[in-house]
Amino acid sequence: MALSGRLGSLLPVLLAVSALCSFAFSAHIKKAMEETGERYDRYYNYQTLTELLGSLARDHPELARLSSLGQSAGGRELWVMRLTAGPDSVPLDRPQFKYVGNMHGDETVSRQVLIYLIQHLLEGYSTDPRLGRLLNSTDIYIVPSLNPDGFEAAREGDCSGEAGGRANANNKDLNRSFPDQFSQTEPPDAKQVPEVMAMMAWIRNNRFVLSGNLHGGTVVASYPFDDSRTHQGSGLYSKSADDKVFRYLALAYAANHPIMKADAPPCKAAPNEVFKDGITNGAQWYDVPGGMQDYNYIWGNCFEVTFELSCCKYPMASELRTEWDNNRESLIKFMEMVHIGAKGFVRDSVSQKGLVNATLSVAGIDHNITTGALGNFQRLLAPGKYNITASVTGYLPQTISNVEVIEGPATTLDFLLRPTVSVASSDAERTTPEPKSATEQPVADNAETTTPRKPTIQPEDFRHHHYPDMEIFLRRYNNEYPEITHLYSVGKSVESRELYVMAISDNPGVHEPGEPEFKYIGNMHGNEVVGRELLLNLIEYLCKNYGTDPEVTQLVDGTRIHIMPSMNPDGYEKSQEGDRDGIVGRNNSNNYDLNRNFPDQFTQITDPPQPETSAVMSWLKNYPFVLSANLHGGSLVVNYPYDDDEKGVAMYSKSPDDIVFQHLALSYSKENKKMFQGRPCTEFYPNEKFINGITNGANWYNVPGGMQDWNYLNTNCFELTIELGCVKYPVASELPEYWKSNHRSLIEFIKQVHKGIKGFVLDATDGSSIFNATISVADIDHPVSSDKAGDYWRLLVPGQYKVTASARGYIPVTRTVNVTEGDVVLVNFTLTRSGTSFHKDDGGKVVVVVPETLDPDTKEFEKMIKDLSDENGMSQLLLASFDDIRLSRYRPYEDLSQSLRGLNLNYPHITNLVSLGQSLEYRQIWSLEISNKPNCSEPEEPKIKFVAGVHGNAPVGTELLLTFAEYLCLNYKKNSAITKLIDRTRIVIVPLVNPDGREVAKERDCTSTTGQNNANGKDLDSDFISNSSGPVGEREKETNAIIDGLIMKQDFTLSVDLDGGSVMVTYPFDNPVHTVEHKETLRHLATVYATNHPTIHLGHPGCPNKSEESIPGGVISGAEWRGHQGSMKDFSVTYGHCPEITVYTSCCLFPSAGQLPHLWTENKKALLSMLVEVHKGVRGIVKAENGKPVPKATIILNQEVKVFTKEGGYFHILLAPGLHSINAIAEGYQEQRTQVLVRHDAASPIQIIFNMDNRIFGLPRELVVTVAGATLSALLLTACIIWCVCSINSNRHKDGFHRLRQHNEDYEDEIRLMSAGSKKSLLNSEFQDETDTEEETVYSSKH
């Protein structure tokens, strides 16, 4: 236990003075105790408590030691009594337990029962076997009062705390003052809460296993977590990783307390309060940010439970006997719980020495503990079966499966870990707490001595290279070794110095599929120069030894090595040779620390992104780097992720690949003798020690915004930070020694890129590569992705792994892989598409989709699109384009109109300026089309629109689109790629939809809504309602102009809307109740813009009003961010059948004009990327069997989204890469169904041939025609017969009546003749009357 020096020196004096001044009083206490024992009827104030504890410690030297944690705000000692057998020689593996009472000064029962507990343990040690066992096996610490000042201010009988005393002397609540995992608060102030600072230091300097924090005000056991991320007042269960254990511990106390276990404490202040089984989750009861029990668990490896002991906070002393009786058994039982779970040792398998700070992890429980000085551990667990793993730097982890934990004493385990790096026995001893000599030798040095390498050509150029000298050096080696070097720049510094990179490989200018990419970055801090010079030495070494030294040749042939000697060339020029530990030149020219400037997973970085940072991030997004090191100075150690943690304090912050990072770090340090010894800079930092020369970054000190963590979290690259020496800017004469110490480390570290597994992910149908497939390793929460050629790399230490490859539209494949200590293991994956490629119609005929035959120009254009989609294609386009456009001011409406007219007049052959309509105040809403045939319809070409100024108070988008239009025009016929894009794309730019609002908005109004709406006060982005929502006349004039002039033409392929107020991209839908169809494609399109923007893709807008906002990938659906109805993009998708994204270009709605050049630089590449993206997806034509195009056919994507073919039968649909289903429907034709594989770098051309629909009412045409013909014939025959019969009957009737009139006397005879004639006629007919006789019917049948 560590105490402050001041208190340590004063403590004996304090105790002696106390003893002398209160001798009579002490004697009185002792006599009273001897005569009657503790009376349990009085409270001990500070003076009485001090005397009593001193007396007990003096009377029981074999068990007790009294010390102080520090002093309270009022200057009182924070006494702690240590109770254990043989307190001066406690075995290091004896578990530590603590009780803390009276944290709130007016909650006093805890103070007294802890005093009684101390007396009870001391008195019962020799008489009670149970207490004897407890003190013999447990190191117990009891703090009766953490807030003695508050106690002195409190008043006996105050049950509710109204009389005061809860807070400390500075009126600070100690149980709200600890660092909190869910709250971003300032660290505790030592002047305001010295009690908290003393407790935190005590917890950190000890290895407590279990703790109880005693309070008052009700009767319950409360366990972590005490608060939650949302800080809901109550009712929210905030579950810790060890929730099962905490419940088990809390029940152990509550079940032995007669009132606590009864569920409903008899507290008048809360008569309806019920705690099942007498326990509760802290946050579910009520939210307590800054509490001590959570701090113990998160920061101290200690499990702490809070116990509320009495309904009345400060009951009358006459109740103390009852309170002691209620709590005595619970207090003892809870102490015994320190021995449950699993315990044992973690040792080196070779030397059998204990391994300090080894990590013990339990499968399924995301909370680890570490071993003590002897490698000992005690892991609290509830009864059950567990898989427990031990791991430590430099050793292979070991897992013991199915460990059975039972009720009662802990299960004993012993771990023997095998070193991953062979070390001498003396090295192994360094893992134990005993000090060792500094004579250890890494095996690498011994190996080099016993098997000497063939001499290599060593660098000769040892001097400090200023920027011009460095530039000449790089050009020289690029010129002398062109076959293996490629010199390029990833961007410029603040002062426009190039950020040079030298690529070294047998094919240095391109990425070779299957070959890993490695990088070194030096001089990130300008005054830390050793890395800069070592990397120049390394370039010289690799170039001069290629082709002659097998090691170098193999490394260069099999790896593309990128070396950036200086990331901060501006800072270097300000630095001074001989600077040992200064800061001059450390930062860039804007005075920002580049290694605090990267987006961070735990901390919101508020500093603006620097050009050097943005350039490096863009570089890393464009190259599939696998491994990297960032070279620094000021110490001598290899530092691995994570560099910080969510608490912002120095503690081990473990990444999912912690074992891999340790292995990588050791590969460097073991080759550097002094680094490996682990005590590098004793002159500057005498107490600094790094075991084996490596350290977890956050465990050393916290670095938010660091580059190495950003690499790991945002790319496939594993990066370490290497501190190369104690002196930051050594004199030039010392540089050869730095090379001698580090050159083997530099080479060995590059070799690590060939460890683990690598391979390709391919399509089983055609063998094509699958880009962006996910490769995940079971139990390691860090997947990597495949590159454009389908190749991937995954660094792993030796072991057996289950590796899964998956991709959208494919069935995942899992393989078991054995990784050895040798070279990389090749593991290829072939994925089968999830679904068939073709469908059959009812007749069984396969519907074939035939690829369109491409003409040479189209083939060339497709190749250009593919090149621009490559790793640095867009960057090369920007470098080759002309961009001398100066943005110095915002253009009001009249100037905007003149600018557009100027573009139309100066570039009449590629522009067409029209007005879509007028605003309410009669300003024109301009639309500028840019195309090689701007006045002609070209339905085969994709059409894209860029829109801005829907909100008049966000004019950045307007200026960006005006500049973009001029940029395109300037580069037409000057830049080949831009010329081809314009020739094959119809680009429509609408820079200002709301000119009236723009005129009233004010510059530098970052959050004002002035100008947001139109002249009618209507937010236009809530005005895009459908006809079914109301009469069209109800919409605003500006809205109708966009709908009628653009959207309802239904001929756009993509739409991009620029707005302000954040830095992100949203995709449809904005309407929260709208079902998002085609979500993957919409998100993909938004992601394309985000990834081509230097900061959007980082996901941290960093806006002042929402500094903690995090948008993964910088992309989110509109409804998730600011849901609303009537948006332009929802209308565009629903009625215009065109996907639309909204880009928020800046946090400030109307930033100063001085920011416009920077905003243009940020968005230029992303805007161009949209012109490239619009040429991807599926491009097709629909024809009939006779070759005639079929316009207005319906194309249905994935059973969700509809588009229609244009004139000439053309259609173009943007889709996310992967497999998609297509249904084509047209009246009079058979429905065609197929699937198409969409690539990331080119359009998928298809040609759909419609067959005539031979079905009528769902039946074959031939059958329907035959049946119809037969039916018609039958109907005609029937009609003829009926007509004939009717005619005969009619004539006979006429004849009969005529005779009747003339010969009335012959009536009877005529009737008989007619009747006989009728029967004879009917017998010759197929129609038989039902009144015929049986004879006549038989006769009829015979015919």
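It should be emphasised that the depicted structure is a prediction, and the values quoted were computed from it without experimental measurement. This chain uses plain numbering: 1 for the first residue, then up along the sequence.
Atom NZ of K239 has 12 or fewer heavy atoms from other residues, nucleotides or ligands within 6.0 Å. The number of heavy atoms from other shown groups lying within 6.0 Å of CG (D366) does not exceed 12.
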Item to complete: Please report the C-alpha distance between Y652 and T359 in whole Å, then the side-chain angles of each, then the deciding distance to 0.1 Å, and finally whether the side-chain contact (heavy atoms from CB on, under 4.5 Å) criterion is met.
Response: CA-CA 10 Å; Y652 203 108; T359 298; 5.7 Å; no
Discussion item. Checking S310 against E323 for the side chain to side chain donor-acceptor pair (under 3.5 Å) test, could you report, in this order, the C-alpha distance in whole Å, the side-chain angles of both residues, the deciding distance, and whether it holds?
Written reply: CA-CA 8 Å; S310 60; E323 296 298 344; 4.7 Å; no
Worksheet entry | Criterion side-chain contact (heavy atoms from CB on, under 4.5 Å) on V392 and V346, from CA distance to verdict | CA-CA 9 Å; V392 70; V346 181; 5.6 Å; no
Worksheet entry | Derivation of the side-chain contact (heavy atoms from CB on, under 4.5 Å) call for Y253 and L331 | CA-CA 7 Å; Y253 195 104; L331 289 166; 3.6 Å; yes
Practice prompt. Please step through side chain to side chain donor-acceptor pair (under 3.5 Å) for the pair T370 and N301, ending with a clear verdict.
Written response: CA-CA 8 Å; T370 56; N301 267 337; 3.3 Å; yes
Worksheet entry | Check against side chain to side chain donor-acceptor pair (under 3.5 Å), R76 and Y46 | CA-CA 8 Å; R76 294 179 172 92; Y46 174 72; over 6 Å; no
Item to complete: Kindly determine whether H367 and S361 satisfy side chain to side chain donor-acceptor pair (under 3.5 Å), including the steps that lead there.
Response: CA-CA 7 Å; H367 183 81; S361 56; over 6 Å; no
Practice prompt. Give the C-alpha distance, both sets of side-chain angles, the deciding distance and a yes or no for side-chain contact (heavy atoms from CB on, under 4.5 Å) between V143 and W202.
Written response: CA-CA 12 Å; V143 180; W202 188 47; 3.8 Å; yes
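Here the side chain of S72 pairs a donor or acceptor atom with the backbone of G74 at under 3.5 angstrom. The closest donor-acceptor contact from the side chain of N281 to the backbone of P224 lies under 3.5 Å. Remark: the backbone N or O of H231 is paired with a side-chain donor or acceptor of S228 at under 3.5 angstrom. Checked by atom type and distance alone, the side chain of D106 never pairs as donor or acceptor with a backbone atom of A163 at under 3.5 Å. Between the side chain of E38 and the backbone N or O of Y40 there is at least one donor-acceptor pair closer than 3.5 Å. In this structure, the side chain of Q378 engages the main chain of I340 through a donor-acceptor pair within 3.5 Å. The backbone N or O of N170 lies less than 3.5 Å from a partner atom in the side chain of N168, making a donor-acceptor pair. R111 places a side-chain N or O within donor-acceptor distance of the main-chain N or O of Y44, the cut-off being under 3.5 Å. Checked by atom type and distance alone, the side chain of D294 never pairs as donor or acceptor with a backbone atom of G290 at under 3.5 Å. At distances below 3.5 Å, at least one donor-acceptor pair connects side-chain atoms of E107 with backbone N or O atoms of G216.
One finds no salt bridge joining D227 and R176 here, because no Lys/Arg side-chain nitrogen approaches an Asp/Glu carboxylate oxygen to under 4.0 Å. For K313 and D158, the salt-bridge test fails: no basic side-chain N is under 4.0 Å from an acidic carboxylate O. Salt bridge annotation for D41-R321: absent, with no cationic side-chain nitrogen under 4.0 angstrom from a carboxylate oxygen. Note on D93 versus K343: no salt bridge recorded, every NZ/NE/NH1/NH2 to OD/OE distance being 4.0 Å or above. Look at R130 and E329 and you find a salt bridge, because one of the NZ, NE, NH1 or NH2 atoms lies within 4.0 Å of a carboxylate O, short of that distance. Between R347 and D414 there is a salt bridge, since at least one side-chain N of the basic residue sits less than 4.0 Å from a carboxylate O of the acidic one. The existence of a salt bridge linking E304 and K98 is confirmed by a sub-4.0 Å separation between a basic side-chain nitrogen and an acidic carboxylate oxygen. Checked for salt-bridge contact, K172 and E195 miss the test: no charged N lies under 4.0 Å from a carboxylate O.
Using modelled atom types, one finds a donor on one side chain and an acceptor on the other under 3.5 Å when comparing N136 with Y125. N45 and E152 share no donor-acceptor pair across their side chains, judged by distance under 3.5 Å alone. Side chain to side chain, T84 and R94 meet the donor-acceptor criterion of an N or O pair below 3.5 Å. Side-chain polar atoms of E308 and H215 form no donor-acceptor pair below 3.5 angstrom. T306 and S222 form no side-chain donor-acceptor contact under 3.5 Å, judged by distance and modelled atom types alone. A donor-acceptor pair shorter than 3.5 Å can be found between the side chains of N206 and Q96. Side-chain atoms of N102 and S145 form a donor-acceptor pair, as typed in the model, at a separation below 3.5 Å.
Distance CZ/R155 to OH/Y314: 8.5 Å, rounded to 0.5 Å. One finds the CG atom of D287 at 9.0 Å from the OG atom of S234 (value rounded to the nearest 0.5 Å). Rounding to the nearest 0.5 Å places CG of L53 at 5.5 Å from CG of L66. In this structure, CD in Q181 is found 4.0 Å from CD1 in I298, a value given to the nearest 0.5 Å. Atom CZ of R65 sits about 4.0 Å away from atom CG of D88, to the nearest 0.5 Å. Atom CG of L121 and atom NE2 of H60 lie 10.5 Å apart (nearest 0.5 Å).
Nearest heavy atoms, L114 versus G101: CD1-N, 3.5 Å. When all heavy atoms of I388 and F415 are compared, the closest pair comes out as O-CE2, 3.6 Å. What you find for A255 and K261 is that their closest heavy atoms are O-CD, 3.5 Å. Here the closest heavy-atom approach between residue T50 and residue W79 is recorded as OG1-NE1, 2.9 Å. Of all heavy-atom pairs between P383 and K244, the closest is O-NZ, 3.5 Å. Scanning all heavy atoms of the two residues, the minimum distance from A85 to L63 falls at CA-CD2, 3.9 Å.
A side chain to side chain contact (heavy atoms under 4.5 Å, CB included) with R166 is found for exactly one of N175, N171, D173, L174, namely D173. A side chain to side chain contact (heavy atoms under 4.5 Å, CB included) with Y223 is found for exactly one of D243, V245, L251, namely D243. Tested against V403 for a side chain to side chain contact (heavy atoms under 4.5 Å, CB included), the candidates T411, V362, N387 yield a single pass: T411.
Under the 6.0 Å cut-off for aromatic ring centres, F97 and Y99 qualify, their centroids lying closer than that. Taking the six-membered ring where the residue is Trp, the centroids of W299 and F178 are separated by 6.0 Å or more. You'll find the ring centres of F303 and Y297 inside the 6.0 Å limit.
Ring geometry, F151 versus Y43: the interplanar angle falls from 30° to 60°, so the pair is classed tilted.
If you check the gamma sulfurs of C159 and C311, they are not less than 2.5 Å from each other.
Cation-pi geometry between R328 and Y116 is not satisfied (NZ or CZ under 6.0 Å from the ring centre, within 45° of the ring normal).
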